[in-house]
Amino acid sequence: MKTIKIKKLKEAESPLHPNNIEEGFEKIGQIPDNYFRYPTVGERFWISLSWSTSGVQEIIDENTFKTYNSIYHWEIISLNPIG
């Protein structure tokens with residue numbers, strides 16, 4: 001299990017859904033290891049089984065990416081082994 005923290009840094013230029021998530025918004029989620037995927041262009045980034053971003057459009061650096069609507073910073077804040 002991984003605990004993921006994501007924070008919206010700013011709105012993307014020409015977002016599909018303007019102002020849908022406030023800048024500075026933070027979310028923490030837990031996702032099983034077998035469901036975790038690093039941000040990948042063309043895919044949603046899931047931080048739990050019930051919450052994801054819109055599709056990733058660009059990888060800015062290893063912890064920052066751009067979606068259709070926002071620019072996010074993310075990090076793994078803990079690894080929780082099961083068992």
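Position 1 is the first residue of the sequence, and the numbers go up from there.
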* Going from CD on E75 to CG on N63, what distance comes out if it is rounded to the nearest 0.5 angstrom? -> 7.0 Å
* To do: Please tell me if the side chains of E11 and P18 come closer than 4.5 Å, counting only heavy atoms from C-beta onward.
  => yes
* Go through the steps to decide whether Q30 and T3 satisfy the test side chain to side chain donor-acceptor pair (under 3.5 Å), and finish with yes or no. => CA-CA 4 Å; Q30 290 192 316; T3 302; 3.0 Å; yes
* To do: Of all the heavy-atom pairs spanning S48 and G29, show the shortest one and how long it is.
  => CB-CA, 4.2 Å
* Is K2 close to D33 at the side-chain level, that is, under 4.5 Å between some pair of heavy atoms? -> yes
* Asked: Does a side-chain heavy-atom distance below 4.5 Å link V56 with Y68?
  -> no
* Asked: Are there more than 12 heavy atoms of other residues, nucleotides or ligands under 6.0 Å from atom CZ of F25?
  -> yes
* **Student check: side-chain heavy atoms of K27 and W51 closer than 4.5 Å** => yes
* Structure fact -> So OG of S54 and CZ of F45: to nearest 0.5 Å the spacing works out to 12.5 Å
* To do: State, yes or no, whether a side-chain contact exists between I4 and W46 at a heavy-atom distance under 4.5 Å.
  => no
* Structure fact -> Heavy-atom closest pair (T40 atom, I59 atom, distance to 0.1 Å) is N-CD1, 4.4 Å
* Asked: Do V41 and L9 belong together in a cluster built from hydrophobic side chains that touch within less than 4.5 Å?
  -> no
* Structure fact -> dist H73:NE2 -> I6:CD1 (nearest 0.5 Å) comes out at 10.0 Å
* Is there side-chain contact between K5 and E26, with at least one heavy-atom pair below 4.5 Å? -> yes
* Aromatic ring pairing W74/F36, orientation class (parallel under 30°, perpendicular over 60°, tilted between) -> tilted
* Asked: With side chains defined as the heavy atoms from C-beta onward, is the minimum distance between I21 and N69 less than 4.5 Å?
  -> no
* To do: With side-chain contact (heavy atoms from CB on, under 4.5 Å) as the test, would you mind laying out the steps for I71 and T64 before giving the verdict?
  => CA-CA 7 Å; I71 297 174; T64 311; 3.9 Å; yes
* Is there a donor-acceptor contact under 3.5 Å from the side chain of R44 to the main chain of T53? -> yes
* Asked: Are P32 and L49 side-chain neighbours, meaning at least one heavy-atom pair lies under 4.5 Å?
  -> yes
* Determine, for R37 against E43, whether the closest basic-nitrogen to carboxylate-oxygen distance falls under 4.0 angstrom. => no
* Asked: At their closest point, which heavy atom of A12 faces which heavy atom of T67, and how far apart are they?
  -> CB-O, 4.0 Å
* To do: Identify whether NZ of Lys or CZ of Arg in K8 sits under 6.0 Å from the centre of the six-membered ring of Y72 and within 45° of that ring's axis.
  => no
